[in-house]
Enquirer: 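Just passing along the structure, written as structure tokens.
Remember, it's a predicted structure, so these values are computed and weren't measured experimentally.
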Amino acid sequence: MTETTRWLSEPEQHAWRSFVRMQEKLVGRLGRELQAESGPSTADYGVLVHLTEVPEGRLRVLELAKGVEWEKSRMSHHINRMAKRGLIVREDCPSDARVAFVVVTPAGREALATAAPRHVEAARRLFIDLLSPTEIAKLARISNRILEGLEKDCT
């Protein structure tokens, strides 16, 4: 069976490129604003958010990597950098030597608490406040549909 490429139509290509460019600009701007005044990087912020969203502030390394959509090696290197700054610690699992946990430290919680208001304000100013409540609801539905498709297509 011969596969053929389903090229994007002009409106589809415009929508796709606009989305990609918007996402690049938004993530870049949010990252710069987050790091202003020596705040955490976007990557640090994402890791800290994932860790503080679970009750004990701890996740298996592979669960955390999956949550932030990183490869295992990138996660490992980033954990080492964050640990050197005291934001997280890496703990071995006493019952399974193959498993390691990443645990947020009090300094990591403090860094997140300090950065979160600045991040939320930037997200509001650069994104949320530019949309109507109806557009926000529609965007949430579209995003959830795409996320569901991505979960089904975990290849």
Enquirer: Check V103 against L51 and note the closest heavy-atom contact, atom names and distance.
Expert: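 That closest heavy-atom pairing would be C-CD1, 4.4 Å.
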Enquirer: Looking only at heavy atoms, what is the nearest atom pair of R74 and A43, with distance?
Expert: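 Heavy atoms only, the tightest pair is NH2-CB, 4.5 Å.
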Enquirer: Kindly work out whether a path of hydrophobic side-chain contacts (I/L/V/M/F/W/Y, heavy atoms less than 4.5 Å apart) joins I142 to L131.
Expert: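 Looking at the clustering, L131 is in a separate group from I142.
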Enquirer: Output the distance between atom CG (D92) and atom OG (S95), rounded to the nearest 0.5 Å.
Expert: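 It comes to 11.0 Å.
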Enquirer: Does R145 pair with E148 as a salt bridge, N-O distance under 4.0 Å?
Expert: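 Not counted as a salt bridge, because no side-chain N and carboxylate O are separated by less than 4.0 Å.
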Enquirer: Taking the inter-plane angle between the rings of W70 and H78 on a 0 to 90° scale, is it parallel (under 30°), tilted (30 to 60°) or perpendicular (over 60°)?
Expert: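 Taking H78 first and then W70, their aromatic rings stand perpendicular (interplane angle over 60°).
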Enquirer: With clusters defined by side-chain heavy atoms of hydrophobic residues (ILVMFWY) lying less than 4.5 Å apart, directly or transitively, does V120 cluster with L112?
Expert: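 No.
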Enquirer: Go through T42 and L30 one step at a time and tell me if the side chain to side chain contact (heavy atoms under 4.5 Å, CB included) criterion holds.
Expert: CA-CA 8 Å; T42 303; L30 286 169; 5.8 Å; no
Enquirer: Between V61 and V102, is the side chain to side chain contact (heavy atoms under 4.5 Å, CB included) condition met? List the steps.
Expert: CA-CA 6 Å; V61 172; V102 180; 3.7 Å; yes
Enquirer: So, for L59 and H50, which heavy atoms are closest and what is the spacing to 0.1 Å?
Expert: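 Nearest pair, atom of L59 first, then H50: CD1-O, 3.9 Å.
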Enquirer: Between L130 and M22, is there a shared hydrophobic cluster once you connect ILVMFWY residues whose side-chain heavy atoms come closer than 4.5 Å?
Expert: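 Cluster IDs for L130 and M22 differ.
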Enquirer: Please determine if E33 and R125 form a salt bridge, counting it only when a charged side-chain N lies under 4.0 Å from a carboxylate O.
Expert: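 Yes, charged N to carboxylate O under 4.0 Å.
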Enquirer: Could you tell me whether a side-chain N or O of T114 sits under 3.5 Å from a main-chain N or O of E110, the two making a donor and an acceptor?
Expert: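 Yes.
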Enquirer: More than 12 foreign heavy atoms under 6.0 Å from CZ of R29: is that the case here?
Expert: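 No.
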Enquirer: About how many Å separate CD of E63 and CE of M75, when rounded to the nearest 0.5 Å?
Expert: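 So the gap between those two atoms works out to 12.0 Å.
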Enquirer: R21 vs E24, test: salt bridge (Lys or Arg N to Asp or Glu O under 4.0 Å). Steps then yes/no.
Expert: CA-CA 5 Å; R21 186 69 183 131; E24 290 169 343; 3.6 Å; yes
Enquirer: Are H119 and P40 side-chain neighbours, meaning at least one heavy-atom pair lies under 4.5 Å?
Expert: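 Of all side-chain heavy-atom pairs linking P40 with H119, none is under 4.5 Å.
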Enquirer: Answer yes or no: is there a donor N or O on one side and an acceptor on the other, between the side chain of R118 and the main chain of G39, under 3.5 Å?
Expert: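 Not a single qualifying donor-acceptor pair exists.
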Enquirer: Are V54 and L62 co-members of a hydrophobic cluster defined by side-chain heavy atoms under 4.5 Å apart?
Expert: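 Hydrophobic grouping puts L62 apart from V54.
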Enquirer: Between L8 and H14, is a side chain to side chain contact (heavy atoms under 4.5 Å, CB included) present by the stated rule, with each step listed?
Expert: CA-CA 9 Å; L8 301 179; H14 177 74; over 6 Å; no
Enquirer: Heavy atoms only: give me the nearest S9-E12 pair and the separation to one decimal.
Expert: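 Taking every non-hydrogen atom into account, N-OE1, 2.8 Å.
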Enquirer: Given side chains that start at C-beta, do those of D44 and R85 come closer than 4.5 Å, heavy atoms only?
Expert: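 Of all side-chain heavy-atom pairs linking R85 with D44, at least one is under 4.5 Å.
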Enquirer: Could you tell me whether the side chain of I88 reaches within less than 4.5 Å of the side chain of L48, counting heavy atoms only?
Expert: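 In short, these two side chains touch, coming nearer than 4.5 Å.
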Enquirer: I want to check something: taking the side chain as every heavy atom from C-beta on, are L126 and K25 in contact at a cut-off of under 4.5 Å?
Expert: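 Not in contact.
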Enquirer: Would a hydrophobic clustering, with Ile, Leu, Val, Met, Phe, Trp and Tyr connected at side-chain separations under 4.5 Å, put L26 with V20?
Expert: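 Yes, L26 and V20 fall within the same hydrophobic cluster.
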Enquirer: So, taking the atom named OG in S18 and the one named CD in Q13, what distance separates them when rounded to the nearest 0.5 Å?
Expert: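 Those atoms lie 10.0 Å apart.
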Enquirer: Just to verify, which of V89, L87, V104, T105 counts as forming a side-chain contact (heavy atoms from CB on, under 4.5 Å) with M82?
Expert: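 One option only clears the test, and that one is L87.
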